[in-house]
> 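Quick one: structure below, then a few questions.
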Amino acid sequence: MKVDGRHFRSIWLEPDGVTVGAIDQRRLPHEFVVARLNDAEDAAEAIRSMLVRGAPLIGATAAYGVALAMRADSSDAALDQAYKLLIATRPTAINLKWALDEMVRLLRPLPPSARVEAAYARAREIADEDVTINRDIGRHGIELIKAIAATKKPGEPVNVLTHCNAGWLATVDWGTATSPIYQAHDGGLAVHVWVDETRPRNQGASLTAWELGHHGVRHTVIPDNTGGHLMQHRMVDLAIVGTDRVTANGDVCNKIGTYLKALAAHDNGVPFYVALPSPTIDFSIDDGVKQIPIEQRSAAEVTDMTGRTADGRIETVRIVPDGSPAANYAFDVTPARLVTGLITERGVLKPDRAALASAFPERANGH
Ligand code: MRU
């Protein structure tokens with residue numbers, strides 16, 4: 001998508017054909033800074049520190065991380081070491097494991113002399129495939145927005161609520177939840193987005209609002225607790241969120257607070273959709289609450305907040321009394337029964353095993 005008129009992806013191979021560029025998402029929305037990843041440890045640290053984040057982008061970064069590792073040493077031992085390093089960075093997004101498994105499946109049978117070229121080619125392909133998948137998610141998701149627009153008065157926007165950042169910054173381009181929104185906006189449909197701020201790291205307030213603003217999409221940032229009130233007052237036409245892992249039977253793991261939005265949507269008859277690329281499906285499990293590992297992050301993300309002062313300095317302040325402990329569960333699970341539909345690259349599916357398996361038989365059978 002565009003940043004001040006220039007097209008950017010969230011990650012790319014630099015013109016040297018070796019190092020990897022990425023937007024440093026820790027610095028947004030106040031500073032637009034590009035980082036360079038020179039080796040596998042840089043890629044791992046970028047994921048760990050959330051310089052890059054969002055399930056599909058974590059996967060693409062890990063794939064490039066393997067390519068960088070192979071460039072330094074293309075032996076079997078180095079491949080194992082890269083896998084071990086990268087898989088340990090974040091536990092919840094299954095795209096990380098998917099991308100690493102893809103790389104290892106391709107590289108292991110090759111002689112070490114052929115691995116560097118093959119690794120870069122597959123990493124680029126994974127990034128390119130993500131762009132195509134997300135574009136297709138938008139192509140299917142826009143029909144949901146169009147259907148609602150058709151029942152509204154002319155000029156009245158369709159109000160979409162989203163949580164966290166499942167935008168182009170969380171993927172390689174387009175985003176998942178935002179792809180239908182961008183395509184609706186680009187096609188001349190009036191849309192307005194309620195952007196959950198998404199405490200504690202504020203991916204909604206910092207990243208989704210930044211993206212939508214740069215693309216000219218109308219939006220309003222709301223505190224996380226506001227969605228239920230807006231739904232009661234018919235101010236939300238549909239919710240679209242992203243996900244870090246969907247189980248074989250359609251349970252959805254996403255940023256903490258998603259479950260509460262789904263409950264509120266259910267209570268108010270608001271359609272609740274989840275947009276996902278197929279690498280986010282984990283066909284090996286079928287109980288999201290019991291089986292998906294939920295990342296717990298530093299309490300400092302809850303006790304402290306970072307922002308820009310009026311005179312332009314970036315400062316971190318504490319908002320919790322000294323000595324009060326804080327808990328930071330980064331994700332939660334929304335059971336399939338609360339999900340209206342799954343917007344995938346192959347269409348909008350029912351959140352159940354039969355629909356997922358018949359749309360993605362190659363994944364369901366060979367997970
Ligand atoms: O902790 P984050 O910022 O990596 O969490 C991101 C999300 O929860 C997104 O909704 C999810 O990864 C889907 S991104 C298309």
Side-chain angles (χ1 to χ4, degrees), residues 1 9-11 22-26 28 46-62 89-99 127 130-131 133-138 141 161-182 195-211 224 239-246 252-262 272-282 288 292-298 301-302 328-334 339 342-345:
M1 306 298 285
R9 286 183 173 188
S10 61
I11 194 165
I23 298 171
D24 186 343
Q25 304 194 21
R26 301 165 306 181
L28 289 170
I47 299 171
R48 230 183 269 127
S49 70
M50 293 178 69
L51 183 156
V52 294
R53 26 69 51 205
L57 178 55
I58 289 171
T61 307
T89 49
R90 293 191 73 188
T92 303
I94 195 66
N95 306 58
L96 174 62
K97 180 172 185 304
W98 174 85
D130 183 64
V131 179
I133 286 174
N134 298 332
R135 198 200 50 218
D136 289 346
I137 286 172
L161 181 137
T162 193
H163 190 68
C164 193
N165 174 260
W168 70 265
L169 288 168
T171 64
V172 179
D173 208 350
W174 285 109
T176 57
T178 55
S179 184
I181 295 169
Y182 286 130
V195 178
D196 282 351
E197 62 175 347
T198 318
R199 282 280 291 146
R201 284 188 69 101
N202 298 317
Q203 290 96 326
S206 301
L207 304 176
T208 305
W210 181 85
E211 274 191 24
D224 287 328
I240 311 180
V241 300
T243 170
D244 287 77
R245 198 186 294 217
V246 171
V252 168
C253 182
N254 191 45
K255 182 53 56 191
I256 193 79
T258 302
Y259 172 47
L260 293 179
K261 292 298 135 60
F272 188 89
Y273 286 97
V274 179
L276 64 134
S278 52
T280 303
I281 307 167
D282 183 349
I292 298 178
I294 300 295
E295 178 179 15
Q296 290 189 55
R297 297 186 58 84
S298 160
E301 292 181 354
V302 179
N328 189 3
Y329 296 90
F331 299 94
D332 62 23
V333 173
T334 299
V339 176
L342 301 171
I343 311 172
T344 74
E345 69 267 30

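Just so you know, ligand 1 is whichever comes first in the structure, and atom 1 is the first atom listed for that ligand. Bear in mind that the values here come from a model prediction, so they are computed numbers and not experimental data.
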> Supply the atom-to-atom distance Thr162 OG1 to Ile181 CD1, rounded to the nearest 0.5 angstrom.
5.5 Å
> Without swapping roles, check the side chain of Asn165 against the backbone of Gly204 for a donor-acceptor pair under 3.5 Å.
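No, the answer is negative, given that no donor and acceptor are paired below the 3.5 Å cut-off.
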> List for me each residue that meets salt bridge (charged side-chain N to carboxylate O under 4.0 Å, His left out) alongside Lys255, sequence neighbours excluded, and say none if there are none.
none
> Report the residues that fulfil side-chain hydrogen bond (donor to acceptor under 3.5 Å, both in side chains) with Asn95, sequence neighbours left out, ordered by chain and then residue number.
Thr280
> Please give the N or O to N or O pairs under 3.5 Å between ligand 1 and the protein, distances rounded to 0.1 Å.
unit_1, atom_1, unit_2, atom_2, d
ligand 1, 1 (O), Arg90, NH2, 2.8
ligand 1, 1 (O), Lys255, NZ, 2.7
ligand 1, 3 (O), Arg53, NE, 2.9
ligand 1, 3 (O), Arg53, NH2, 3.1
ligand 1, 3 (O), Gln203, NE2, 2.8
ligand 1, 4 (O), Gly54, N, 2.9
ligand 1, 4 (O), Arg90, NH1, 2.9
ligand 1, 8 (O), Asp244, OD1, 3.0
ligand 1, 8 (O), Asn254, OD1, 3.1
ligand 1, 8 (O), Lys255, N, 3.4
ligand 1, 10 (O), Asn254, OD1, 2.7
ligand 1, 12 (O), Ala55, N, 2.9
ligand 1, 12 (O), Asp244, OD1, 3.1
ligand 1, 12 (O), Asp244, OD2, 3.1

> If you measure from CG on Leu96 to CD1 on Ile47, what distance do you get to the nearest 0.5 Å?
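Interatomic distance, Leu96 CG to Ile47 CD1, rounded to 0.5 Å: 5.5 Å.
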> Could you tell me which residues satisfy salt bridge (charged side-chain N to carboxylate O under 4.0 Å, His left out) with Asp224, sequence neighbours excluded, listed by chain and number?
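Applying salt bridge (charged side-chain N to carboxylate O under 4.0 Å, His left out) to Asp224 gives none.
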